[in-house]
Amino acid sequence: MHPVKRIEIISDSIELGKIVESLEKAQVSSYTVIRNVGGKGIKGTMSNDLDMSRMENDYVLAICPPEQVKSVVESVRPILNRFGGICLISDAMEIRSMQCVASL
Amino acid sequence: MHPVKRIEIISDSIELGKIVESLEKAQVSSYTVIRNVGGKGIKGTMSNDLDMSRMENDYVLAICPPEQVKSVVESVRPILNRFGGICLISDAMEIRSMQCVASL
Amino acid sequence: MHPVKRIEIISDSIELGKIVESLEKAQVSSYTVIRNVGGKGIKGTMSNDLDMSRMENDYVLAICPPEQVKSVVESVRPILNRFGGICLISDAMEIRSMQCVASL
Amino acid sequence: MNFSLILSNILNPPVLFFFLGMLAIFVKSDLEIPAPVPKLFSLYLLFAIGFKGGVELIKSGIDQSVVLTMLAAILMACIVPLYTFFILRVRLDTYNAAAIAATYGSISAVTFITAGSFLQQLDIPSHGYMVAALALMESPAIIVGLILVNLFTREEDSDREFSWPEVLQEAFLNSSVFLLVGSLLIGVLTGEHGWEVLKPFSQDLFYGVLTFFLLDMGLVAARRIKDLEKTGVFLVSFAILIPIVNAGIGLAIAKLIGMSQGDALLFCVLCASASYIAVPAAMRLTVPEANPSLYVSTALAVTFPFNIIIGIPLYLYGINLLWR
Amino acid sequence: MNFSLILSNILNPPVLFFFLGMLAIFVKSDLEIPAPVPKLFSLYLLFAIGFKGGVELIKSGIDQSVVLTMLAAILMACIVPLYTFFILRVRLDTYNAAAIAATYGSISAVTFITAGSFLQQLDIPSHGYMVAALALMESPAIIVGLILVNLFTREEDSDREFSWPEVLQEAFLNSSVFLLVGSLLIGVLTGEHGWEVLKPFSQDLFYGVLTFFLLDMGLVAARRIKDLEKTGVFLVSFAILIPIVNAGIGLAIAKLIGMSQGDALLFCVLCASASYIAVPAAMRLTVPEANPSLYVSTALAVTFPFNIIIGIPLYLYGINLLWR
Amino acid sequence: MNFSLILSNILNPPVLFFFLGMLAIFVKSDLEIPAPVPKLFSLYLLFAIGFKGGVELIKSGIDQSVVLTMLAAILMACIVPLYTFFILRVRLDTYNAAAIAATYGSISAVTFITAGSFLQQLDIPSHGYMVAALALMESPAIIVGLILVNLFTREEDSDREFSWPEVLQEAFLNSSVFLLVGSLLIGVLTGEHGWEVLKPFSQDLFYGVLTFFLLDMGLVAARRIKDLEKTGVFLVSFAILIPIVNAGIGLAIAKLIGMSQGDALLFCVLCASASYIAVPAAMRLTVPEANPSLYVSTALAVTFPFNIIIGIPLYLYGINLLWR
Ligand SMILES: Nc1ncnc2c1ncn2[C@@H]1O[C@H](COP(=O)(O)O)[C@@H](O)[C@H]1O
Ligand SMILES: Nc1ncnc2c1ncn2[C@@H]1O[C@H](COP(=O)(O)O)[C@@H](O)[C@H]1O
Ligand SMILES: Nc1ncnc2c1ncn2[C@@H]1O[C@H](COP(=O)(O)O)[C@@H](O)[C@H]1O
Ligand code: NA
Ligand code: NA
Ligand code: NA
């Protein structure tokens, strides 16, 4: 077990591409995405009712070592400032899994 | 970055309306909802198999300033006591996003 | 309110059965599952594009008392080592809900 | 004979796919119908039967036999939960007894639809207005169930607080009832003309959607079967015997008011079937003290398969005997 | 008379189901069409009208009237956002004015489709190439809207940074435009033969899918109605009057270039309708300063229902007067 | 000539929509078929071909040519993974070689279905029992692949622990095989009568669902193309050449046992196609050491498009030459 940071980002689906890009830019290349999440923020309710217009939210969870957090925040913040959404950072312990994929 | 509380509530879908109401009553007007979540609790498995009967779960995540937690808990607890479900509170740091929506 | 541990496991859908089994083996019989979660890890992008081949991810959240964590980790770790995926442990406070189901 | 009826019922694609779904669970196949599809299909089935019922209702008009049928439907929806409550009270507490009683007082639309397609296959005619009977029988049991809870728990448990407006809301405006009644009314309004344009969608696909839906019902019912261990022998026998009793009473009433054979079968099936959608949701909200796995599992894992496989041909056999 | 047209429009299953959807929200029923189904249906509708339009286009060929219609379509898509922008600027800031202007300059495919099924019901013929006009009118307003934002905010707000490639991408390659144009081209390529094999899917189900889709649109529109309080009287009146004005201009152009009555109605409806899918998404990305609830709610909760219920028969009434 | 066959194949709506899907990814359109829809469509396609195959099987009966075809199918499903394993071993480790070999030994139902609709378009008859061959060819390659892994890694890696019951479960009861075989058996049981009632659903919609499904397959295949960089030239050439070789062997066997031209094409396509659903899932579970992006990407981004676009008409060309 070793300490990691959980980075959670909730934002409009249309931003997802930009957010994932900014994660990759900050060297975070593993993440999990839950799509079509409903919610309410400053911009009002984003329930599924506009699903077809791609106006729902996505939830992104990225686990990274503590030292990477700063670069992620710097990379993601401008996007959230411009398009809205929320970014949280919290602590967790990760169970190191050492996967034995032959070809990696 | 400033400290916030993550409030997570997992409960039957039929309670969602009441839970959201109780959040709004506690002045928490921003939240995220993940619908149709499977799970198992005291009441048994609530997998998707009864989707049509609305007997799956919903997951609600609300981020709020620490001082609001108490009123949220007081507001949500009676619902969970009556209908079941679970409520968690944990710590996180939020990246303050200052959105420039012209008309807000 | 009393302290609990949040155990989060993200893994291939095909592992879900084994993971749930291992939770039950570790006496954790309450959990929540979010299915069809997208993501990217060592094995590459698992977006919905292979949904039909069951090659997306599932997200499992189990809340348990701190003393149970060790047995869960021991039970889940071999599966993650073999098939990939990630397991996180973090702290939270639970609002004890005392549900009054007559027949339980 | 009865067995040939059962056989011709079983050798129907919908019933066979129901078995296939159950089999998938028993052999641990990973077959599943992904999440919103069953919901979509159930919306479609309600829409299709509601609309068709409305169109046929306006064609046939409302006469005395329609009114009698509707009254009979409401009557059965009110008395079934009453007497089953007292039977259940022998073994269960008030909350669970009331919730199960409400479940069996209400109806299962898919059982009704399957019976309808069975009739069609045997070329036995039935009236479109039976859909109105279906709609009328969904809600009353919920109300009766709650009245029973209120009557028998008043003193002991004073902090029960459900608001009647909310209950009526749940009973009469839940999505099943709302869509069914709405489609029926639209069918009445648009009549033959609306039917013409919607037919390829609401008629031609119907049988296929039903088949797929029953495949999913097979999966769902089989998954619930393991819950029956906790349920106990009493409830399992209840879940098989009460449908037969209810169908019997329904049959007598149908004979009394002179229904046709097809209508009588549909009426019996309405009486015999138990709700596993609308009522359980309403009960969760209004009687959270009751254990959902009791009322859902009996309705879904015992009564539903029993009706689909044996009940429908059995009731028709009874009707054939009496109407001869 | 006009009222009989409105009535015969309203007594159509799709419009009635739209009402049913709205009613469900007003009476707080829990009816909902689960998440990806409306998306699937809108993909289906775009596919079906695109493909059919392509097949009919290749049958009829491209002559002068086709070219004139297309030019008229592009013209309207460019001037509507221009003049509405200046009307909106009276009360709103540049960002919101431009976003709403773009919304009304673009089109609503479902309004177009509903008008088409209204024509079919009245046996008024229209040309398949009108689908090409629909496709051409989706994107220009987005570009015009962004040019307006750039022109009128240049000095004050220097850190706006949207890349034109990204904008053009959003405007011309968003899923609606892409699928519609793609299906149209495939229709052109496969012609009568492709039509034959796809007809049971893309034609026979069409009306039913439209009906179900409008049920969902009713739910969606009604949920947005409470947003209108914040929107104010100015925008609500705008959302009713501007469609009529746009339809009027469209009608004049249609008469000028000699369209048939059916084509004229479809053209008016294109001019009168407002986008609530492609344009809002593009605006969120390129003009995040604008408030989505303003441009989505007016288009969805006012203009869409107005066109569906009153607009379509009203415009046809105007056409009947002028074409006589 | 061959090119005219390729052209008439390409100018089919399903193939054109496959291209449209690929194009959407290349031009970065945001078109997508939302999550459970492709799954639903693939369940539908399996259901429809299984059921139809069963109905036709019971009509034609089981004679010598059926038995010979089934034996040929099982033979090919067993030997293809064997010899491809040794070819792959030249460059890859045992785990990956076995996983890819299993993938190519099994089949792709959609390729089979596309070939079937190609035959239908050219009015070349084929037998319903070919669906049974399809069902028989899904699973054996999984078993063969695992035997190969066991044989060639026994000593070095002693903690490999997969249970054979679990493997057989995955091989023979995965959802594709289960639904296909189940539908086939139900088709056999209900015969002509069941077919009549299900036809509007399982036949009339078939072509349209296939078209929509191939649109999604285009999206999926194109998204996988960037993985091919990591895959290397060896595997990409393998993914094009081996299907041709397998089809050639299939063709020889088909000629030998006297299949009709239509059946021969379907058999060749079964031999030439690679699984991207059932086998990858089974391999993930039983050979987690293999890299899924290798076996999924080659099957999906190279072999599948190759077969759909060039393979099918090419194999038919070969058959036309030989059967003349
Ligand atoms: N305080 C919060 N707690 C939970 N979710 C939030 C919160 N604020 C915003 N969100 C989510 O982020 C989305 C976009 O927020 P906004 O940009 O404020 O409209 C909302 O629709 C919510 O799903
Ligand atoms: N300890 C837990 N960990 C994670 N999820 C839980 C836990 N307990 C309950 N849940 C979720 O809450 C739902 C309702 O719980 P219950 O009211 O206990 O039946 C369950 O179906 C689970 O999804
Ligand atoms: N660092 C991470 N942060 C968030 N999710 C992750 C991370 N690593 C892995 N995952 C999730 O776990 C899945 C399987 O990971 P892997 O076994 O590394 O391919 C990925 O598709 C992600 O959804
Ligand atoms: Na009943
Ligand atoms: Na317009
Ligand atoms: Na093969």
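Below, chain A is the first sequence line, B the second, and so on; all start at residue 1.
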### Query
For the residue pair E:Phe212 and D:Phe47, does the interplanar ring angle fall in the parallel (under 30°), tilted (30 to 60°) or perpendicular (over 60°) class?
perpendicular

### Query
Looking at side-chain heavy atoms only, is the closest gap between E:Phe19 and D:Ile186 below 4.5 Å?
no

### Task
Apply side chain to side chain contact (heavy atoms under 4.5 Å, CB included) to E:Leu215 and D:Leu179, showing your working.
CA-CA 10 Å; E:Leu215 173 62; D:Leu179 183 58; 4.0 Å; yes

Polar pairs (donor with acceptor) under 3.5 Å from chain E to chain D:
unit_1: E:Val27; atom_1: O; unit_2: D:Gln169; atom_2: NE2; d: 3.2
unit_1: E:Lys28; atom_1: O; unit_2: D:Gln169; atom_2: NE2; d: 2.4
unit_1: E:Ser29; atom_1: OG; unit_2: D:Leu173; atom_2: O; d: 2.7
unit_1: E:Asp30; atom_1: OD1; unit_2: D:Ser175; atom_2: N; d: 2.8

### Query
So, do E:Phe206 and D:Phe201 have ring centers that fall under 6.0 Å from each other?
no

### D:Phe172 portion near chain E, given a 4.5 angstrom heavy-atom threshold
neither

## Note on the structure
Turns out that what part of E:Ile33 lies under 4.5 Å from chain D's heavy atoms comes down to both

### Query
With side chains defined as the heavy atoms from C-beta onward, is the minimum distance between D:Leu205 and E:Leu205 less than 4.5 Å?
yes

### Task
Taking all heavy atoms of E:Phe41 and all of D:Leu40, pick out the closest pair and write down the distance.
CZ-CD1, 4.2 Å

### Message
Are there over 12 heavy-atom neighbours, none belonging to D:Ile62, within less than 6.0 Å of that residue's CD1?
### Response
no

